Amino acid sequence: MRAVVAAGTGGPEVLSVGEVADPTPGPGEVVVDVVATAVNRADTLQRQGFYPPPPGASEVIGLECSGRVSALGEGVEGWSVGDEVCALLAGGGYAERVAVPVGQVMPVPSGVSLVEAAALPEVAATVWSNVFMTAHLAKGERFLVHGGAGGIGTMAIQLAAARGAEVYATGGSPEKLELCRTLGATRAISYRDEDFVEVLEEAGGADVVLDNMGAKYLGRNVAALATGGRLVIIGMQGGAKGELDINALLRKRASVTATSLRARPRDEKAAICCGVVENVWPLVSSGQVRPIVENTMPLEDVARAHALMDEGGHSGKIVLTL
Ligand SMILES: NC(=O)c1ccc[n+]([C@@H]2O[C@H](COP(=O)([O-])OP(=O)(O)OC[C@H]3O[C@@H](n4cnc5c(N)ncnc54)[C@H](OP(=O)(O)O)[C@@H]3O)[C@@H](O)[C@H]2O)c1
């Protein structure tokens with residue numbers, strides 16, 4: 001089958017479309033004929049050699065896809081050949097076909113095209129699991145998301161606003177800040193010209209912070225928390241090792257959590273996908289939460305798609321079609 005192959009590790013130019021062996025479905029897996037996949041920041045790290053696939057996962061990059069079920073492994077129930085689906089993957093999405101554990105296969109929400117559906121699994125599962133299952137963001141609480149105009153950020157703003165939270169989002173340019181407001185942020189904060197700690201302190205503190213920056217923002221994120229606040233770290237764009245002021249955490253009775261979706265066992269991913277289908281898909285079907293896809297390009301343009309993400313000029317998701 002056609003798939004994205006890498007000529008070593010490095011810049012976007014190492015990626016091209018080549019030939020690899022077809023996947024076969026193991027017990028409890030289905031094969032999906034991929035119609036579209038989407039680019040995640042983690043894919044750019046894998047390309048550079050910093051984020052190897054977990055044991056047993058495909059060497060092909062790609063954490064999500066949409067398409068049609070084309071084969072069923074032993075013991076699979078509930079899906080038929082030809083069903084239109086989207087799926088959360090541990091890898092292998094940048095290819096014509098991918099084998100997926102059945103618990104990570106989800107229906108396409110109504111009102112969304114099969115191509116757009118490729119942009120949903122990774123961001124929906126990440127935001128649902130971290131902001132709602134782990135940090136329990138509740139109606140009326142104040143929520144801060146960093147990088148509100150990115151893939152994760154555009155989902156986080158919409159989902160938190162749809163569930164009744166007051167949303168604050170950071171962004172790097174006037175266009176990105178405007179997008180954050182359009183998607184439901186009450187206050188968009190320039191991370192270049194403003195101090196998000198000051199803004200949040202003035203508002204009474206954030207009950208939940210979803211952070212992509214890691215070390216660089218650790219102290220300031222704790223400072224921005226309200227009493228009882230929950231900081232959830234999902235990215236290390238600003239480094240992995242920081243200093244934590246435990247006294248500040250004690251005084252606020254606050255918590256810091258960090259998770260990685262890709263490394264979680266299959267049963268946890270299945271539980272997260274169940275939660276997404278139950279809680280997020282109805283909001284997508286009603287139009288309250290939309291896939292934000294700014295760029296759609298053919299799989300052959302994978303190097304251009306990665307260059308776009310490396311430059312950071314994109315908003316929302318970049319989708320690759322097959
Ligand atoms: N742990 C997990 O399970 C998991 C799962 C998925 C994603 N992630 C992580 O989540 C993050 C976002 O992923 P993505 O795929 O959505 O990538 P993305 O679309 O490239 O988004 C990256 C975001 O980082 C923002 N950013 C850059 N510098 C910043 C700064 N100084 N302060 C605040 N924000 C800044 C960008 O904002 P501007 O564009 O406005 O500059 C952009 O919105 C990545 O770190 C990724 O590794 C983690």
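Heavy atoms only: backbone and side chains are in, while hydrogens, waters and symmetry mates are out. Just so it is clear, the structure is predicted and the values come from calculations on it, not from any experiment. When a ligand or atom number is given, it counts from 1 through the structure's own listing order.
With sequence neighbours excluded, no residue forms a ring pair (Phe, Tyr, Trp, His ring centres under 6.0 Å) with Tyr191.
Annotation: side chain to side chain donor-acceptor pair (under 3.5 Å) contacts involving residues 307-316, sequence neighbours excluded, comprise Arg47-Asp310.
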Under 3.5 Å: N or O atoms of ligand 1 paired with protein N or O:
unit_1	atom_1	unit_2	atom_2	d
ligand 1	1 (N)	Ile234	O	3.0
ligand 1	1 (N)	Thr259	O	2.8
ligand 1	3 (O)	Leu261	N	2.7
ligand 1	15 (O)	Arg41	N	3.2
ligand 1	16 (O)	Gly151	N	3.2
ligand 1	16 (O)	Ile152	N	2.8
ligand 1	19 (O)	Gly151	N	2.9
ligand 1	19 (O)	His314	NE2	2.9
ligand 1	20 (O)	Arg41	NE	2.7
ligand 1	20 (O)	Arg41	NH2	3.0
ligand 1	20 (O)	His314	NE2	3.2
ligand 1	24 (O)	Asn212	ND2	2.9
ligand 1	24 (O)	Gln237	NE2	3.0
ligand 1	28 (N)	Tyr191	OH	3.4
ligand 1	31 (N)	Tyr217	OH	3.2
ligand 1	32 (N)	Tyr217	OH	2.7
ligand 1	39 (O)	Lys176	NZ	2.7
ligand 1	40 (O)	Gly172	N	2.8
ligand 1	41 (O)	Tyr191	OH	2.5
ligand 1	43 (O)	Gly147	O	3.2
ligand 1	43 (O)	Gly150	N	3.2
ligand 1	45 (O)	Gln237	OE1	2.7

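Each of Leu308, Val302, Thr321, Val319 was evaluated against Met297; a single residue qualifies, Leu308, per the side chain to side chain contact (heavy atoms under 4.5 Å, CB included) test.
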Under 3.5 Å, which donor-acceptor pairs link side chains of residues 78-89 to any protein atom two or more places apart or in another chain?
unit_1	atom_1	unit_2	atom_2	d
Asp83	OD2	Ser80	N	2.8
Glu84	OE2	Arg68	NE	3.4
Glu84	OE2	Arg68	NH2	3.3

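By the 6.0 Å contact criterion, CE on Met236 is open, its count of non-hydrogen atoms from other residues, nucleotides or ligands being 12 or less.
A distance-only check finds a donor-acceptor pair linking the side chain of Asp211 to the backbone of Gly214 [under 3.5 Å].
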